[in-house]
Every structure is written in C-alpha cells, then in structure tokens.
Amino acid sequence: MGGGRLTEVEAYLPIGDPASHSFRGETRRNRSMFGPPGRMYVYVSYGIHMLLNVVCDAESVGSAVLIRSFEPLGDVSMLCANRGMSELRSGATGKLELLSCGPGRVGQALGLHLRLDGLVFGSDSGLHLFDDGARPAVGRAVRIGIAKGGDMPLRYFASDSFFVT
DNA sequence: TGAATGATGTTT
DNA sequence: AACATCATTCAT
C-alpha cells in the first residue's frame, strides 16, 4: 500500500486545446477521455511511460487532468520497489523526489498498466483518489513537453512543495 | 544532448 | 504496409 498527495497536475481542455488528445475527436486511444468523469485515462508516452489522467468532464465532452507529481506519504516500500529504487533510509531524503516527480515516474511508481485505462478510481482499479482536505497554495504555469498550446498556463502545482518538476 | 522504445494516428 | 509523432526519462 503506497500513496501520497498530489502536488502537480496539468489540464487538457476539450475545446481549443491543440495539445489535448481529444482535440481531433475520439479515437481508440483517447476513448476514455470521452467517457464518464471519475475514471482514469492511461496511455503510453514515448513508448516507455504510462501516464495517468483523471477524466473530469461529462460524458462525450473530452477533457482530462494529467497527474504529474505527488508527494509520497506513509509506506513508500511499494513505490520504491516499482521504481527499482532501494528502500530509502529514513532521514536521508535526498532523492525522494525521484520517486514520484514527473508523469512517467508517477506511472511507474504506481505500477500502472494500459489495462487500467477506462477503469473507475476505487476498488475496480485498486487505485484510489480522494480529497484529504489539504488546501495548499497553488501556482500556475505553462504545461511541459508539448509543442502546441504552450502559451496556456494550465499546469497547477503546490507552490510550496518540493515535489514538483 | 541524444538514445531508448512502442502504441497510435496518418498516409500510402 | 510504412512512417511520423510523442502530455518522458535517463545516461552521456
């Protein structure tokens, strides 16, 4: 059982956002984006990484939020194992951010598989998403790693957190 | 700075 | 059937 608190996300809009997978309509890959909200959209990036999105808008709309980073909380042994990192010694937090900062690292730490695409958060997937009541200060900036739509400040992050890319 | 790596969408 | 693209990471 590993988990954490979200620290960095990016929004991908249903309309007027050329960087969004939904921009050119529904396909087999982005089908989940057009499904009911509260489900996950998982896809392969650069042939290597499993990226996790949360479908946010109503059915057939086509929007999602990319989970870019989270702050590990509680037992991190599973996250470490998934990432191929030796158990981090308590106190020596030098490279803790390598565990879960960056969308590819998030996917690997959580042990995502393409098979989870379209599943509901919760018992179905074994992956839970909930509001723990934290209300950190939030900063905005442009999104990372996209060619088009780079002018829109749709990246949101906990501005006082160390766990941001 | 560039290699790795494969699913997906687009073009032939 | 073939090619270009890619919401990235890691090693050099």
Side-chain angles (χ1 to χ4, degrees), chain A residues 2 4-58 60-72 76 78-88 92-119 121 125 127 129 138-159 161-165:
Chain A
R5 181 174 289 155
L6 300 188
T7 51
E8 182 184 14
V9 301
E10 281 178 357
Y12 286 87
L13 309 180
I15 304 289
D17 182 4
S20 175
H21 286 178
S22 62
F23 186 62
R24 292 173 205 290
E26 183 174 343
T27 66
R28 185 191 259 87
R29 175 180 66 167
N30 66 22
R31 180 173 49 88
S32 301
M33 287 184 81
F34 295 87
R39 300 195 179 184
M40 51 187 92
Y41 169 41
V42 178
Y43 73 95
V44 181
S45 176
Y46 291 94
I48 304 172
H49 303 106
M50 311 299 299
L51 269 54
L52 173 64
N53 298 255
V54 182
V55 179
C56 293
D57 258 309
S60 83
V61 174
S63 73
V65 165
L66 170 70
I67 308 301
R68 289 193 60 88
S69 302
F70 67 86
E71 173 184 356
V76 298
M78 184 65 72
L79 304 177
C80 287
N82 287 341
R83 286 276 298 137
M85 299 169 69
S86 52
E87 188 73 32
L88 297 175
T93 57
K95 303 215 177 348
L96 190 57
E97 72 278 7
L98 292 178
L99 200 50
S100 57
C101 290
R105 292 179 182 140
V106 167
Q108 189 180 22
L110 296 178
L112 295 189
H113 190 278
L114 208 49
R115 169 177 309 110
L116 295 178
D117 179 46
L119 294 190
F121 280 91
S125 56
L127 197 56
L129 181 67
V138 175
R140 293 185 70 176
V142 295
R143 294 172 294 183
I144 295 175
I146 56 174
K148 289 165 280 188
D151 52 318
M152 294 187 263
L154 294 176
R155 184 162 62 98
Y156 299 81
F157 54 93
S159 46
S161 176
F162 186 61
F163 297 90
V164 172
T165 57

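All chains are named by letter (A, B, ...) in the order of the sequence lines, taking the proteins before the strands, and each is independently numbered beginning at 1.
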Checklist entry - A/S60: what forms a side-chain contact (heavy atoms from CB on, under 4.5 Å) with it, not counting sequence neighbours? => result none

Checklist outcome for this item: Protein-proximity profile, nucleotides 6-12 of chain C, B/S/- by nucleotide at the 4.0 Å heavy-atom cutoff, equals BBBSS--

Checklist outcome for this item: The residue, A/L114 or A/R24, whose nearest nucleotide of DNA chain B is more 5′ is A/L114

Item to check | From CG (A/L127) to CG (A/L119), nearest 0.5 Å | outcome: 10.0 Å

Checklist entry - How long is the line joining CZ of A/R31 and P of B/dG9, in whole Å? => result 11 Å

Next on the checklist: Quick check against the 3.5 Å criterion: does A/E10 have a side-chain atom that pairs as donor or acceptor with the backbone of A/I144?
Outcome noted: yes

Item to check | DNA chain B base-pair string [pairs: Watson-Crick or G-U under 3.5 Å; |: paired with another strand] | outcome: ||||.||||||.

Next on the checklist: Within this structure, what is the OH-CG distance for the pair A/Y12 and A/N30, rounded to the nearest 0.5 Å?
Outcome noted: 14.0 Å

Item to check | Distance, rounded to the nearest Å, where A/M50 contributes CE and B/dG6 contributes P | outcome: 12 Å

Next on the checklist: Rounded to the nearest 0.5 Å, what separates atom OG1 in A/T165 from atom CZ in A/R155?
Outcome noted: 5.0 Å

Next on the checklist: Taking side-chain contact (heavy atoms from CB on, under 4.5 Å) as the definition, give me every residue that meets it alongside A/A58, ordered by chain and number, with sequence neighbours left out.
Outcome noted: A/V61

Side-chain donor-acceptor pairs of residues 14-23 of chain A under 3.5 Å, sequence neighbours excluded:
residue	atom	partner	partner atom	Å
A/D17	OD1	A/A19	N	3.1
A/D17	OD1	A/R143	NH1	3.4
A/D17	OD1	A/R143	NH2	2.9
A/D17	OD2	A/L13	N	2.9
A/D17	OD2	A/R143	NH1	2.8
A/S20	OG	A/L13	O	3.2
A/S20	OG	A/S22	N	3.2
A/S20	OG	A/S22	OG	2.8
A/H21	ND1	A/Y41	OH	2.7
A/S22	OG	A/G62	O	2.8

Checklist entry - For residues 100-110 of chain A, which residue pairs qualify under side chain to side chain donor-acceptor pair (under 3.5 Å), counting only residues two or more places apart or in two chains? => result A/R83-A/Q108

